[in-house]
A.B. asks: 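Let me give you the structure first, and then I'll get to my questions.
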There are 2 protein chains.
Amino acid sequence: MPWKFNSREAVFVQIASRLRGEILRGKYQPDEQIPPVRQLAFEAAVNPNTMQKALSVLEEEGLLYSRGTVGRFVTTDRSALERCRETVRKDAVRHWIEEAAALGITREELLHYISEEGEKSE
Amino acid sequence: MPWKFNSREAVFVQIASRLRGEILRGKYQPDEQIPPVRQLAFEAAVNPNTMQKALSVLEEEGLLYSRGTVGRFVTTDRSALERCRETVRKDAVRHWIEEAAALGITREELLHYISEEGEKSE
DNA sequence: ATTACTGTACTAACACAATAATACAACGCA
DNA sequence: TGCGTTGTATTATTGTGTTAGTACAGTAAT
């Protein structure tokens, strides 16, 4: 089924986030080939150009590398993966805390609401 | 000083978020007049049109209302403010949990990292 | 009445995101 | 060799966000 996107962020950014998460969560192992651009684009129901742009983002981050015309692969550098995992997580958490503050939500309230929301959904 | 914006979201959306937070946190009291569009635009260092678009968002949410050519005011409906506060908070929390999941962060980890990040910064 | 300020509306211009439709070179394989 | 797949590049088009500049009508204060 086509992936879900919101209208706040650019699609290629959302795709990059999703794929980044899949890689960091180990859906694709180091040195494993990921599906070709066209197939990913088809699955996500976006234009191949958009998918390629998302992939180039992950390439710049060092999560993926391209073997010329053979395909795209997850980096073999496991420490790079780990470093990226840390960076992404820290940036995200900092970002969420900032957003919460902008909405007038303190850290304590944030913690409280997250546990609450979690209990109901899963 | 000019407000800070990221390039991921549209500027008017970020402005709306910021002002929404200020209203919900009580920077502007119910029925209090907010600064005119042009002044806010100047402070934020954005175009008046962009600021107006942000304000119209908050108007649709019922947080602000316009008194013709007199100015824009915070709603007098305190229950509406409270309802908005709840809605905004719930949507935000749900959104953050989703984003965290996309990055491979479980709810438990999320709680842990937020307390950690909070301890260091404040 | 005049002046200054308010929200609001409008056009033009530019940048970027996204789609669409191709095209091409390199590689693997039969 | 030839075919199919790979990543990559190109051009054109559409929609939207943002800036810029201008204009207008209603309100308040003088």
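Residue numbers begin at 1 in each chain, while the letters A, B, ... track the order of the sequences.
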A.B. asks: On DNA chain D, check which nucleotide each of Pro48(B) and Pro35(A) is closest to and give me the residue with the more 5' one.
C.D. replies: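 The answer here is Pro35(A).
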A.B. asks: side-chain contact (heavy atoms from CB on, under 4.5 Å) between Leu64(A) and Leu19(A): does it pass, once the steps are laid out?
C.D. replies: CA-CA 10 Å; Leu64(A) 297 176; Leu19(A) 293 178; over 6 Å; no
A.B. asks: On DNA chain C, check which nucleotide each of Thr69(A) and Asn47(A) is closest to and give me the residue with the more 5' one.
C.D. replies: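 Closer to the 5' end of DNA chain C: Asn47(A).
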A.B. asks: Using a 4.0 Å cut-off on heavy atoms, which residues in residues 3-20 of chain A reach DNA chain D? List them by number, or say none.
C.D. replies: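 Nothing qualifies; none.
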A.B. asks: Please check the phosphate of dA18(C) (OP1 and OP2 only) for any side-chain N or O of Lys53(A) closer than 4.0 Å.
C.D. replies: no
A.B. asks: Report, as yes or no, whether the 6.0 Å neighbourhood of atom OH on Tyr65(A) holds more than 12 heavy atoms from other residues, nucleotides or ligands.
C.D. replies: yes
A.B. asks: Does Glu98(B) form a salt bridge (charged side-chain N to carboxylate O under 4.0 Å, His left out) with Arg94(B)? I'd like the steps, not just the answer.
C.D. replies: CA-CA 6 Å; Glu98(B) 273 180 19; Arg94(B) 198 189 337 267; 5.7 Å; no
A.B. asks: For Val70(A), does its backbone N or O pair with a side-chain atom of Gln33(A) as donor and acceptor, under 3.5 Å?
C.D. replies: yes
A.B. asks: Can you tell me if Ser66(B) touches the phosphate of dT6(C), counting only side-chain N or O atoms and a distance under 4.0 Å to OP1 or OP2?
C.D. replies: no
A.B. asks: Between dT8(C) atom P and Glu60(B) atom CD, what is the distance in whole Å?
C.D. replies: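 So the two atoms are 12 Å apart, to the nearest Å.
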A.B. asks: Should Glu86(A) and Arg89(A) count as an ion pair when the cut-off is N to O under 4.0 Å?
C.D. replies: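 Salt bridge: yes.
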A.B. asks: Using a cut-off of 6.0 Å, state whether more than 12 heavy atoms not belonging to Arg78(A) lie near its atom CZ.
C.D. replies: no
A.B. asks: For Leu55(B) and dT6(C), what is the distance between atoms CG and P respectively, to the nearest whole Å?
C.D. replies: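 Taking CG of Leu55(B) and P of dT6(C), I get 13 Å after rounding.
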A.B. asks: Round to a whole Å and report the spacing from CD1 of Ile34(B) to P of dT6(C).
C.D. replies: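 Atom-to-atom, Ile34(B) to dT6(C), this comes out as 11 Å.
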A.B. asks: Rounded to whole angstrom units, what separation is found between the CG atom of Asn49(B) and the P atom of dC10(C)?
C.D. replies: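 After rounding, the reported distance stands at 12 Å.
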A.B. asks: Determine, step by step, whether Arg107(A) and Glu117(B) satisfy the salt bridge (charged side-chain N to carboxylate O under 4.0 Å, His left out) criterion, reporting the C-alpha distance in whole Å, the side-chain angles of both residues, the deciding distance to 0.1 Å, and the verdict.
C.D. replies: CA-CA 10 Å; Arg107(A) 191 175 72 248; Glu117(B) 183 73 20; over 6 Å; no
A.B. asks: Have a look at Arg67(A) and say if it touches a base, only the backbone sugar-phosphate, or nothing, with a 4.0 Å heavy-atom cut-off.
C.D. replies: nothing
A.B. asks: Salt-bridged, Arg67(B) to Asp31(B), with N to O below 4.0 Å?
C.D. replies: yes
A.B. asks: Taking 5' to 3' order, which nucleotide of DNA chain D is first and which is last to have an atom within less than 4.0 Å of a heavy atom in chain A?
C.D. replies: dT6(D) to dT10(D)
A.B. asks: Please give, in whole Å, the distance from dT22(C) C1' to Arg38(A) CZ?
C.D. replies: 11 Å
A.B. asks: Check the distance between dC5(C)'s P and Gln33(B)'s CD and give it to me in whole angstrom.
C.D. replies: 14 Å
A.B. asks: I want to check something: taking the side chain as every heavy atom from C-beta on, are Ile15(A) and Leu40(A) in contact at a cut-off of under 4.5 Å?
C.D. replies: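 Not touching, per the 4.5 Å side-chain cut-off.
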